[in-house]
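This report refers to the structure that appears directly beneath it.
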There are 2 protein chains.
Amino acid sequence: MARSSGTKRAILDAALELAATRGITGTTMDDVAERAGVAKGSLYYNFSSKDQLFEALLEEGVGSLADALREARGTLVGWAAIEALVTALLDRIAANAALAKLMASEIFRTDRAWQKTLFALRHEALLVFAEAIEQADAAAPASAGVAGPGAAGGASTIMASSVFGAVLMSGLEWLVFEPERSRDEVAAAILASLSGALAPRHR
Amino acid sequence: MARSSGTKRAILDAALELAATRGITGTTMDDVAERAGVAKGSLYYNFSSKDQLFEALLEEGVGSLADALREARGTLVGWAAIEALVTALLDRIAANAALAKLMASEIFRTDRAWQKTLFALRHEALLVFAEAIEQADAAAPASAGVAGPGAAGGASTIMASSVFGAVLMSGLEWLVFEPERSRDEVAAAILASLSGALAPRHR
DNA sequence: GTCTATAGAGAGATAGAC
DNA sequence: GTCTATCTCTCTATAGAC
């Protein structure tokens, strides 16, 4: 469900753009109304409160992330799956930098009205990574210093965060501070850091 | 310089704790005063404004990070340097989770009064990683699909973000959502993801 | 150097006309 | 379904006593 009259969409878009730079708490309903080109009353006609507006925004944005990741992985396994997930996530960050910034700043907040919603969505997205990692980790050879397959000993959610964090931070570093780089260059750098380019050959 | 009378310290500590969960904009000067056990007037006696208070806080916290990282690296090179940096950063995140949360949520904001200060400090910390990476990357064998040493082709700041992001996100995932795990387990999972545990043996 | 009290601006939310 | 006008509360910051 997208729109009643386009107004809802305009409000969500305006709210996202503003919150990406000022943060949610720093974005006022007056700002959103002005940017969306509607009156403040219309905000409250479409959303019951500021909290509810941003919950809807995060639900829409982060909610589709897990689907996109699952689709990107498809039937791939092992390192190919990791590669696909990393580049898909990077592309999504590039296509929606505002949402990525918002995610980065909200994901570890524990006092929000929408905390449960966001937590569930975050968990779902991480799970796609964790599944691919469990499978790839089991298949890969022993890694340096740690005993064989399953190197992380069941800590696949931590490894998933690790990969997710690597992509999110690099992606935003690129978009916010080094926009002159190409997408492929950034993707290659991330994949290099994850493929052991920094490690010696003991694996 | 730490204190005039302990009041400054108490204010900074209170501000950090509150901002870690509510965010800076969501933290009021009244909250800070109450938690610090002083009157609001004392906040403005010690800091000229709310912005200045939080700038001082970030400067103190993030500013010491680069020093700590440099010290952790010491004279190590190659993968040993990366390992030392990763574990040092993880330990610092664990020791100061509040600051880590704050960093995660402020690092990509571009509208803050203290933006220039924070950018410079962030850059300094990333540089320590970038230097170690340039050296390790040049020394390591060819990585999968990409031509030999210097795999990232000068994108060492992106690789640095990648490693930094991996540690920051995993560290917070651990502290916020999976505190029952041990530090060593988390460190091992992060290092595994960076040492190529997920990649095939083509390197 | 720390307090209380308050000024003044800005925030979320609602009422009611059109 | 959208607007304008306004209510009420909260926030930053300051003034002035102690």
Is any side-chain N or O of [X] closer than 4.0 Å to OP1 or OP2 of [N]?
X: Tyr44(A); N: dA13(C); result: yes
X: Thr7(B); N: dT2(C); result: yes
X: Tyr45(A); N: dT2(D); result: no

Using a cutoff of under 3.5 Å, can you pull out all pairs of nitrogen or oxygen atoms linking the protein to nucleotides 4-11 of chain C, with atom names and distances?
none

Would you kindly give the [atom1]-to-[atom2] distance between [X] and [N], to the nearest whole Å?
X: Leu43(A); N: dT4(D); atom1: CG; atom2: C1'; value: 14 Å
X: Glu34(A); N: dT4(D); atom1: CD; atom2: P; value: 12 Å
X: Leu18(A); N: dG12(C); atom1: CG; atom2: P; value: 12 Å
X: Ile11(A); N: dG1(D); atom1: CD1; atom2: C1'; value: 11 Å

Phe54(B): what forms a ring pair (Phe, Tyr, Trp, His ring centres under 6.0 Å) with it, not counting sequence neighbours?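 With neighbours one apart ignored, the set is empty.
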Quick one: ring-ring contact (aromatic ring centres under 6.0 Å, His included) pairs with a partner in residues 158-181 of chain B, sequence neighbours left out?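 Every pair satisfying ring-ring contact (aromatic ring centres under 6.0 Å, His included) with a residue in residues 158-181 of chain B: Phe119(A)-Phe177(B), Phe129(B)-Phe164(B).
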Just jot down the salt bridge (charged side-chain N to carboxylate O under 4.0 Å, His left out) partners of Asp184(B), sequence neighbours excluded, or say none.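 Counting only residues at least two positions away or on another chain, Asp184(B) forms no salt bridge (charged side-chain N to carboxylate O under 4.0 Å, His left out).
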Which residues pass the side-chain hydrogen bond (donor to acceptor under 3.5 Å, both in side chains) test with Glu55(A), sequence neighbours left out?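 Scan of Glu55(A) (side-chain hydrogen bond (donor to acceptor under 3.5 Å, both in side chains), adjacent residues dropped) gives Thr117(A).
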Under the side-chain hydrogen bond (donor to acceptor under 3.5 Å, both in side chains) rule, collect the residues that match up with Arg35(B), sequence neighbours excluded.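 Scan of Arg35(B) (side-chain hydrogen bond (donor to acceptor under 3.5 Å, both in side chains), adjacent residues dropped) gives none.
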Taking atom CD as the centre, does Gln52(A) end up with more than 12 heavy-atom neighbours from other residues, nucleotides or ligands that are less than 6.0 angstrom away?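 Count over threshold, so yes.
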